[in-house]
Amino acid sequence: MAAVLSACSTNEVLRVGVPFADGLTEGIHFEKDVTDVSSIKRLRVILHNEKEMETLDSLTVEPQAFFTLDHPDGEEADVHRYVWYSESGSAILSNERGVMSLEEHQEFFRLTTKQTNDLKRILE
C-alpha cells in the first residue's frame, strides 16, 4: 500500500463528472475538481484493492459517474474509471465506457459496499 500512496502527488487533481450521450455525441460533463490530498490517497487505496472481474454482470448502458486523476502540468491522466452503481450497494468500475460492445483492452472491477460508500463520499 505504501507504493500506492507514494504515487499520490500534491499536484494531482481528481476530476469528477457524469457521462452523457445525446444522439451522436457522447462525453463527460465535469462537475468538480478535488485537490484534497487525503481524498486522493483514499481513492488510490480503493483502486489498489479493486477486484478484477472475470465475468460481467448486466449493467445499465450509461455509467452513473466518471473520474480521472490528472496532473495539472498537462500530463496524461494516471487513472480514469467509469462507475456503475448497483442496487446491492456495490459498484462496477471500468477503464472504458462501452458495455454493449466491449473494447479490446477493457477491464471491469468490482468494489465492495464499503469501498463504494467511500468512493461516493470522495466523489460527492
Distance from [X] atom [atom1] to [Y] atom [atom2], nearest 0.5 Å?
X	Y	atom1	atom2	value
K120	N117	NZ	CG	6.0 Å
I40	T35	CD1	OG1	6.5 Å
I122	L43	CD1	CG	5.5 Å
L93	W84	CG	CH2	8.5 Å

Using only heavy-atom distances, determine whether the side chains of E107 and S94 contain a donor-acceptor pair under 3.5 Å.
-> no

Looking at [X] and [Y], does any basic side-chain N land under 4.0 Å from a carboxylate oxygen?
X	Y	result
R44	E12	yes
R15	E31	no
R97	E62	yes

Give the minimum heavy-atom separation between F20 and I28, together with the two atoms involved.
-> CE2-N, 3.5 Å

Kindly give the heavy-atom pair with the smallest separation between Q115 and I46, and that separation in Å.
-> O-CD1, 3.8 Å

Is [X] reaching over with its side chain to a backbone N or O of [Y], donor-acceptor style, under 3.5 angstrom?
X	Y	answer
N49	V45	yes
T68	V79	yes
D36	S39	yes

Heavy-atom side-chain contact between [X] and [Y] under 4.5 Å:
X	Y	value
L69	V13	no
V83	Q64	no
L119	L123	yes

Go through E52 and R110 one step at a time and tell me if the salt bridge (Lys or Arg N to Asp or Glu O under 4.0 Å) criterion holds.
-> CA-CA 6 Å; E52 189 165 1; R110 181 177 306 282; over 6 Å; no

Parallel, tilted or perpendicular, as decided by the 30° and 60° cut-offs, for the rings of H80 and F66 =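 Because their plane-to-plane angle lies in the 30° to 60° range, the rings of F66 and H80 count as tilted.
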
State whether F109 and K51 meet the cation-pi test: NZ (Lys) or CZ (Arg) under 6.0 Å from the six-membered ring centroid, and within 45° of the perpendicular axis.
-> no

If Ile, Leu, Val, Met, Phe, Trp and Tyr residues are connected whenever their side-chain heavy atoms lie under 4.5 Å apart, and connections chain through other members, are Y82 and M53 in the same group?
-> yes

